[in-house]
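Starting from 1, each residue takes its place in the sequence as its number. Scope of the values below: all heavy atoms of this structure, side chains included, with no hydrogens, waters or symmetry mates.
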Amino acid sequence: MINFRYHVVSLTAVFLALAIGLVVGTAALNGPVADNLKSQITALNKDLGNKRDEINQYREEINRSQEFATELAPTVLNGKLAGRKLAVLALPGTDQYADKVISMLTIAGATITAKVTVQDKFFDPAVELDLLDLANESSQPTIPIAAVPLNSNGVETASAQLALALLQRSPVTATQPAAGDVTAVLTAYSEQSYISVDDKAVGGAEATVMISGAPAVDKDAAKKSQSLVYMATEVSKNRPLVVAGVGVGEGNVISAVRGDPTLVKRISTVDNASTADGQVASAMATVERVVDDKVGQYGLAAGASSLVPKAAS
């Protein structure tokens, strides 16, 4: 009969075998296996160091390419927009590069008649009726509300009114907006925090450069994205328009323009305007659109035909 002493001896034998196995295993690991592991770790550390060096080199190359584009800009752009008057609409999310795009336009010789920074409130569906009321209240003798779309779309109506204030009438022999009326309209929208505008803003621009940012991502993102298209449509109806910005993210206005069979034929786009390369390309596309009356799609995203206009390259 198996007694308690037998169980004790059996358990002791099991634990003794485990102890011997651990000792033998440790001795083995301290030999060739441990050396192999150390060798692999050393190799991985070296490879990681090489990858870090490559990343740093790529960053330096990108920085240098941006510097190259900036230094090349005066040669490529000098005087191409001399005597041309442009209005700039800077949409939400473009603070980091809007002025850089404007700088390239001025290097090309353009006169910026107005820089209007459009606030996110302008595209908020919750204030659409307020925007409509403001458009009616802002009507001026030479900027009458009757000249803009009369419907329930606040962004469409207000965008048409701003375009009417900022841009030359076509033909130029037509009655142009009076300076005081332009100031009154811009002041009305500015006081209600729909836009911000510099004190020197005037009308009379022969084209517009709209600088776009990343699309909205909140619960009203789809409506806001569509509102950007409404604005681009109204601004482009009577005078040339170039949309320069980023072409990434669902609902970005550049992709919307490129996907619209009508807008893509009358609005030029540049989808990498957040970079120096794209800022130079934005000015080049503006030259092509304003001077040559040609439309093109440029940059890196889907729908771009090339990085820059081919004639200019």
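Residues passing the salt bridge (charged side-chain N to carboxylate O under 4.0 Å, His left out) test with K237 are E234, sequence neighbours excluded. Under the rule for a salt bridge (charged side-chain N to carboxylate O under 4.0 Å, His left out), the partners of D293 that lie at least two apart in sequence or sit in another chain are R289. For the salt bridge (charged side-chain N to carboxylate O under 4.0 Å, His left out) test, no residue two or more places apart in sequence or in another chain qualifies with D130. For E128, there are no side chain to side chain donor-acceptor pair (under 3.5 Å) partners, not counting sequence neighbours. Listed by chain and residue number, D99 satisfy the side chain to side chain donor-acceptor pair (under 3.5 Å) test with K115 (two or more places apart in sequence, or in another chain). D95 pairs by the salt bridge (charged side-chain N to carboxylate O under 4.0 Å, His left out) definition with nothing, not counting sequence neighbours. Every residue was checked against the side chain to side chain donor-acceptor pair (under 3.5 Å) condition with Y194, not counting sequence neighbours, and none meets it.
To the nearest 0.5 Å, atom CZ of residue R239 and atom CG of residue L164 are 12.0 Å apart. We find the NZ-OG1 distance between K80 and T286 to be 12.5 Å, quoted to the nearest 0.5 Å. How far CG of N78 is from CD1 of I107: 9.0 Å, rounded to the nearest 0.5 Å. From M104, atom CE reaches atom CE of M284 across 11.5 Å, with rounding to the nearest 0.5 Å.
In this structure, I195 and Q119 have side chains that are not in contact, with every pair of non-hydrogen atoms separated by 4.5 Å or more. Counting heavy atoms from C-beta outward, S138 and Y189 have side chains that approach closer than 4.5 Å. Inter-residue side-chain proximity for V264 and D260 is flagged as unmet; no heavy-atom pair is nearer than 4.5 Å. V101 has its side chain out of reach of T94: every pair of non-hydrogen atoms, C-beta onward, lies at least 4.5 Å apart. In this structure, P215 and E250 have side chains that are not in contact, with every pair of non-hydrogen atoms separated by 4.5 Å or more. Counting only heavy atoms from C-beta outward, the side chains of L105 and L81 approach each other to under 4.5 Å. Counting heavy atoms from C-beta outward, V243 and V253 have side chains that approach closer than 4.5 Å. For the pair L89/V235, a side-chain contact is recorded, criterion being any heavy-atom separation below 4.5 Å from C-beta on.
Under the 4.5 Å side-chain contact rule for hydrophobic residues, I267 and M231 share a cluster. Placement of V155 and V118 within a single hydrophobic cluster is found when ILVMFWY residues are connected by side-chain heavy-atom separations under 4.5 Å, directly or transitively. Note: the hydrophobic cluster containing V148 also contains I143 (ILVMFWY, side chain heavy atoms under 4.5 Å, direct or indirect links). Residues V116 and L86 do not share a hydrophobic cluster, defined by chaining ILVMFWY side chains whose heavy atoms lie under 4.5 Å apart. A continuous path of Ile, Leu, Val, Met, Phe, Trp and Tyr side chains, each step under 4.5 Å between heavy atoms, connects I145 with L166, placing both in one hydrophobic cluster.
Distance alone, capped at 3.5 Å, places no donor-acceptor pair between the R169 side chain and the Q176 backbone. The backbone N or O of V127 lies less than 3.5 Å from no partner atom in the side chain of D124, so there is not a single donor-acceptor pair. Side chain of Q226 to main chain of A222: no donor-acceptor pair is present (N/O by atom type, distance under 3.5 Å, no hydrogens or angles).
In plain terms, the two heavy atoms of G249 and N252 that are nearest each other are O-ND2, 2.9 Å. Nearest heavy-atom pair across F123 and S227 is CD2-CB, 3.7 Å. Residues S159 and F122 approach most closely at OG-CE2, 3.7 Å, considering heavy atoms. Contact between L131 and A158 at its shortest, heavy atoms only, is CG-CB, 3.8 Å. Minimum heavy-atom separation, T106 to I112: CG2-CG1, 4.0 Å. Looking at every heavy atom in both residues, A135 comes nearest to T157 through CB-CG2, 3.8 Å.
Residue V270 belongs to a hydrophobic cluster whose other members are Y298, with links defined by side-chain heavy atoms closer than 4.5 Å.
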Let me check something: any side-chain donor-acceptor pairs from residues 202-213 under 3.5 Å, sequence neighbours excluded? List them with distances.
| unit_1 | atom_1 | unit_2 | atom_2 | d |
| --- | --- | --- | --- | --- |
| E206 | OE1 | R84 | NH1 | 2.9 |
| E206 | OE2 | K85 | N | 3.2 |

Anything under 3.5 Å between a donor and an acceptor, one on a side chain of residues 180-188, the other on a protein residue two or more places apart or in another chain? List them.
| unit_1 | atom_1 | unit_2 | atom_2 | d |
| --- | --- | --- | --- | --- |
| D181 | OD2 | T142 | N | 3.0 |
| D181 | OD2 | T142 | OG1 | 2.5 |
| T183 | OG1 | A179 | O | 3.1 |
| T187 | OG1 | T183 | O | 2.7 |

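A 6.0 Å sphere centred on CG of L129 holds no more than 12 heavy atoms belonging to other residues, nucleotides or ligands.
Residue pairs meeting the salt bridge (charged side-chain N to carboxylate O under 4.0 Å, His left out) criterion with at least one member in residues 212-229, sequence neighbours excluded: D120-K224, D218-K224. Within the structure, side-chain hydrogen bond (donor to acceptor under 3.5 Å, both in side chains) pairs that include any residue of residues 263-272 comprise S236-R266, R258-T269, R258-D271, T269-Q297 (at least two apart or interchain).
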